[in-house]
S.K.: 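Sharing a structure with you now.
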Amino acid sequence: MRIAAAMSGGVDSSVAAYELKKRGDTVVGLTIKTWPKEECGAMGEKLCCSLESIQYARSVAGDLGIPYFVIDLSKEFTEEVKKYFEEEYRMGRTPNPCVYCNSRIKFGYLLKKARELGSEKIATGHFARILEKGGKYYLAEGKDKNKDQSYFLYDIPREVLASIEFPLGEYTKDKVREIAMEQNLMTAGRPSSQDICFTTKDGDYRKYLENKGIEAFEPGDIVDTDGNVLGRHKGIAGYTVGQRKGLEVSSPNPLYVIKIDPKTNTVVAAEREKAMSSKIKVAGFNWLSIDVLDEAKDLEVKIRYNSPKVNCTITPSGDDEAVVEFSQPQFAPAPGQAAVFYEGEIVVGGGWIEEIIN
């Protein structure tokens, strides 16, 4: 099989490419360039898509003896990911650019390029799995639950699941490092990228937004749930629901951001118990294992990547909208973040948190 390996210059994608080559596939390495030429070299070394990361990816491809191409998707990345990121902060929401990048860039534009180069499938170093049952394809959690990345992948178009492989889906992170060291891959010791890949060298998204002239940096009031002024904020884009540090408000008990209101340019802060929610509204769904949500279903849900799954009931409430009721209150669901639903290890689908109901 001819398969394209998306290579970020990190250890995971390097080992994924190695595993494909080992099993006998015809492999071609692809790296996405997400920044225009005037920003060349501006990324920090820990960030994926940086100039240094491309150099690492190219070197690993050379060691593996596979063809290698850099695919310029900077225009598409700006239109699909950067603009989304900026607009969400303008609206006082907390965006998740990794979800958008996966569904629109990696498994959208890059998959199209891979097919143009003659590849039947595309593979990445994500810790997740594609399962085939009765001719249908499903997205599932990776075996290493501490590294599982299925949350970030829920928005992949359903019709392309059959064209995707995750060679690391059965591995632990330690196993991946071990393989990389055994094969003397130069990426074996590289740290995992954890920052937003298009912000600044130190990964500070606030500086990035300020440099873009985002108007969400107008100072305003921090208020309590009764509207009493507690202090001042430096712009709503610098805050997210659930945040505790950086409020600079004196209080006998720790305060958390529980709401951001762009209309009044206020940040609402309260004690932790008021940040707990039992119901949320979710919209903009992408369903993977079902065709449509036409009745209430009992599932599990994750409301952020590093949160555990929790039992819930999801009930359709309108056109592409649903109310999600948790089996137990959850801390600070953030509008703009993804709510991803599971049935066992299978990803049923997901959508965007729109509103905290109570």
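Throughout, residue positions are numbered sequentially from 1 according to the sequence presented.
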S.K.: Determine whether V70 and I54 make a side-chain contact, defined as any pair of heavy atoms from C-beta on separated by less than 4.5 Å.
M.R.: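 Answer yes - side chains close enough.
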
S.K.: Got a sec, which residues hit side chain to side chain contact (heavy atoms under 4.5 Å, CB included) with K173, two or more places apart in sequence or on another chain?
M.R.: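 K173: side chain to side chain contact (heavy atoms under 4.5 Å, CB included) contacts with V11, D12, F127, D144, K147, R177, S192.
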
S.K.: What I want to find out is whether R232 reaches D221 closely enough, with some N-O distance under 4.0 Å, to be called a salt bridge.
M.R.: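 Here R232 pairs with D221 in a salt bridge, since their nearest N and O are under 4.0 Å apart.
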
S.K.: Sequence neighbours left out, what passes salt bridge (charged side-chain N to carboxylate O under 4.0 Å, His left out) with E271? Give chain and number order.
M.R.: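 E271: no salt bridge (charged side-chain N to carboxylate O under 4.0 Å, His left out) contacts found.
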
S.K.: Tell me, do V348 and I290 make a side-chain contact under 4.5 Å, heavy atoms counted?
M.R.: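 A side-chain contact under 4.5 Å exists here.
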
S.K.: Please evaluate residues Q337 and W352 with respect to the criterion side-chain contact (heavy atoms from CB on, under 4.5 Å), reporting the C-alpha separation (whole Å), side-chain torsions for both, the decisive distance (0.1 Å), and the verdict.
M.R.: CA-CA 6 Å; Q337 285 289 287; W352 301 103; 5.9 Å; no

S.K.: Show your reasoning for whether side-chain hydrogen bond (donor to acceptor under 3.5 Å, both in side chains) applies to S251 and N253.
M.R.: CA-CA 5 Å; S251 172; N253 297 308; 5.6 Å; no

S.K.: Are side-chain heavy atoms of F217 and I236 found at a separation under 4.5 Å?
M.R.: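 F217 vs I236: side chains apart.
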
S.K.: I314 versus L293: any side-chain heavy-atom pair under 4.5 Å?
M.R.: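 Yes, their side chains come closer than 4.5 Å.
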
S.K.: Salt-bridged, R104 to E76, with N to O below 4.0 Å?
M.R.: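 No.
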
S.K.: Determine yes or no for a side-chain-to-main-chain donor-acceptor pair under 3.5 angstrom, with N286 supplying the side chain and P157 the backbone.
M.R.: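 Answer holds: no.
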
S.K.: Kindly write out the residues that satisfy salt bridge (charged side-chain N to carboxylate O under 4.0 Å, His left out) with D261, not counting sequence neighbours, or none if the list is empty.
M.R.: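 None.
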
S.K.: I'd like to know whether S150 forms a side-chain hydrogen bond (donor to acceptor under 3.5 Å, both in side chains) with D148, so could you lay out the CA-CA distance, the side-chain angles of the two residues, the decisive distance to 0.1 Å, and finally the verdict.
M.R.: CA-CA 6 Å; S150 60; D148 168 57; 2.9 Å; yes

S.K.: Using modelled atom types only, decide if a donor and an acceptor are shared between the side chain of T78 and the backbone of S74 within a distance under 3.5 Å.
M.R.: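 Yes; at least one donor-acceptor contact below 3.5 Å.
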
S.K.: Show your working on side-chain contact (heavy atoms from CB on, under 4.5 Å) between S327 and V310 and close with a plain yes or no.
M.R.: CA-CA 7 Å; S327 60; V310 61; 3.6 Å; yes

S.K.: Going by distance alone, is a donor N or O of one side chain under 3.5 Å from an acceptor N or O of the other, for E80 and Y109?
M.R.: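 Present: a donor and an acceptor within the cut-off.
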
S.K.: Mind checking salt bridge (charged side-chain N to carboxylate O under 4.0 Å, His left out) for E300 and listing every partner two or more places apart, or none if nothing turns up?
M.R.: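 Only K309 meet the salt bridge (charged side-chain N to carboxylate O under 4.0 Å, His left out) criterion with E300.
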
S.K.: How many angstroms lie between atom CG of L161 and atom CG of L131, to the nearest 0.5 angstrom?
M.R.: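 Atom-to-atom, L161:CG and L131:CG are 10.5 Å apart.
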
S.K.: Any side-chain heavy atom of R93 sitting closer than 4.5 Å to one from E87?
M.R.: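 R93 vs E87: side chains apart.
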
S.K.: Please, which pairs that meet ring-ring contact (aromatic ring centres under 6.0 Å, His included) have at least one residue in residues 314-349, sequence neighbours excluded?
M.R.: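 Only Y256-F331 qualify under ring-ring contact (aromatic ring centres under 6.0 Å, His included).
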
S.K.: Return each pair, listed once, that meets side chain to side chain donor-acceptor pair (under 3.5 Å) where at least one residue sits in residues 235-245; pairs must be two or more places apart or across chains.
M.R.: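 Qualifying pairs, neighbours excluded: T94-T240.
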
S.K.: State plainly whether the residues K75 and E79 are in salt-bridge range, i.e. N to O under 4.0 Å.
M.R.: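 No.
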
S.K.: So which atom in S119 and which in V28 form the shortest heavy-atom distance, rounded to 0.1 Å?
M.R.: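 So the minimum-distance heavy-atom pair works out to OG-CG1, 3.5 Å.
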
S.K.: Do R190 and E52 sit within salt-bridge range, that is, some charged N less than 4.0 Å from a carboxylate O?
M.R.: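 Yes, R190 and E52 are salt-bridged.
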
S.K.: Is there a donor-acceptor pair under 3.5 Å between the side chain of K297 and the backbone N or O of L299?
M.R.: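 Pair absent, no side-chain N/O of K297 close to backbone of L299.
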
S.K.: Which pairs, with at least one residue in residues 274-297 and sequence neighbours excluded, count as a ring-ring contact (aromatic ring centres under 6.0 Å, His included)?
M.R.: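 Qualifying pairs, neighbours excluded: F285-W287.
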
S.K.: Does K121 pair with E165 as a salt bridge, N-O distance under 4.0 Å?
M.R.: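 Yes, K121 and E165 are salt-bridged.
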
S.K.: So, S53 and S8: side-chain donor and acceptor under 3.5 Å apart, yes or no?
M.R.: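 Distance-only check fails for S53 and S8.
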
S.K.: Please find the pair of heavy atoms, one from P97 and one from F85, that lie closest to each other, and give the distance.
M.R.: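 Closest heavy-atom pair between P97 and F85: CG-CD1, 3.9 Å.
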
S.K.: Output yes when a side-chain donor or acceptor of E132 lies under 3.5 Å from a complementary backbone atom of I130, and no otherwise.
M.R.: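 Not confirmed, E132 side chain does not pair with I130 backbone.
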
S.K.: Could you pull out all residues at least two apart from K143 that satisfy salt bridge (charged side-chain N to carboxylate O under 4.0 Å, His left out)?
M.R.: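 Applying salt bridge (charged side-chain N to carboxylate O under 4.0 Å, His left out) to K143 gives none.
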
S.K.: Using 30° and 60° as the class boundaries, would you call the ring planes of F166 and H126 parallel, tilted or perpendicular?
M.R.: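 Plane angle over 60°, so perpendicular.
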
S.K.: According to ring-ring contact (aromatic ring centres under 6.0 Å, His included), does anything in residues 142-164 pair up with another residue at least two apart or in another chain? List the pairs.
M.R.: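 Output for this query lists F152-Y305.
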
S.K.: Can you tell me how far apart NZ (K106) and CD1 (I122) are? Round to the nearest 0.5 Å.
M.R.: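 The NZ atom of K106 sits 9.5 Å away from the CD1 atom of I122.
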
S.K.: Got a sec: does the CG of N306 have more than 12 other heavy atoms crowding it under 6.0 Å?
M.R.: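 For N306, atom CG is crowded (more than 12 foreign heavy atoms under 6.0 Å).
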
S.K.: Within this structure, what is the CD-CD1 distance for the pair E141 and I346, rounded to the nearest 0.5 Å?
M.R.: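 Atom-to-atom, E141:CD and I346:CD1 are 9.0 Å apart.
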
S.K.: Only distances under 3.5 Å count here; give the side-chain donor-acceptor pairs of residues 58-68 to other protein atoms, sequence neighbours excluded, each with its distance to 0.1 Å.
M.R.:
{"residue": "S59", "atom": "OG", "partner": "Q55", "partner atom": "O", "Å": "3.0"}
{"residue": "Y68", "atom": "OH", "partner": "T31", "partner atom": "OG1", "Å": "2.6"}

S.K.: Working to the nearest 0.5 Å, report the span between SG of C101 and CD1 of I32.
M.R.: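 So the SG of C101 and the CD1 of I32 are separated by 5.5 Å.
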
S.K.: Can you name the nearest heavy-atom pair linking V241 to P333, along with the distance?
M.R.: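 In terms of heavy atoms, the two residues are closest at CG1-O, 3.6 Å.
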
S.K.: Just by distance, do the side chain of K145 and the backbone of G142 share a donor-acceptor pair under 3.5 Å?
M.R.: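 Present.
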
S.K.: Determine whether L168 and Y56 fall in the same hydrophobic cluster, where Ile, Leu, Val, Met, Phe, Trp and Tyr are linked whenever their side-chain heavy atoms lie under 4.5 Å apart.
M.R.: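 Yes; Y56 is reachable from L168 via cluster members.
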
S.K.: Hey, what do you get for CZ (R115) to CG (L110), rounding to the nearest 0.5 Å?
M.R.: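 One finds 11.0 Å between CZ of R115 and CG of L110.
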
S.K.: Determine which pairs satisfy ring-ring contact (aromatic ring centres under 6.0 Å, His included) with at least one residue from residues 171-191, sequence neighbours left out, and list them in order.
M.R.: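 Those involving residues 171-191 do not exist here.
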
S.K.: When rounded to the nearest 0.5 angstrom, what is the spacing between OH in Y100 and CZ in F77?
M.R.: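 Here the rounded value is 13.0 Å.
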
S.K.: In chain order, what residues pass the side chain to side chain contact (heavy atoms under 4.5 Å, CB included) check against V323, with sequence neighbours excluded?
M.R.: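 Listed in chain order: K279, S317, I357.
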
S.K.: With a 4.5 Å limit on heavy-atom distance, are the side chains of E86 and R90 in contact?
M.R.: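 With C-beta onward as the side chain, the pair touches.
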
S.K.: Report yes if the side chains of I222 and V229 come closer than 4.5 Å at any heavy-atom pair, otherwise no.
M.R.: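 No. Closest side-chain heavy atoms not under 4.5 Å.
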
S.K.: Find out whether I3 and T26 are in side-chain contact, i.e. whether some heavy atom of one side chain is under 4.5 Å from a heavy atom of the other.
M.R.: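 Sidechains of T26 and I3: no contact.
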
S.K.: Check whether any side-chain N or O of Y84 sits under 3.5 Å from a backbone N or O of N96 as a donor-acceptor pair, and report yes or no.
M.R.: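 Looks like yes, one N/O pair under 3.5 Å.
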
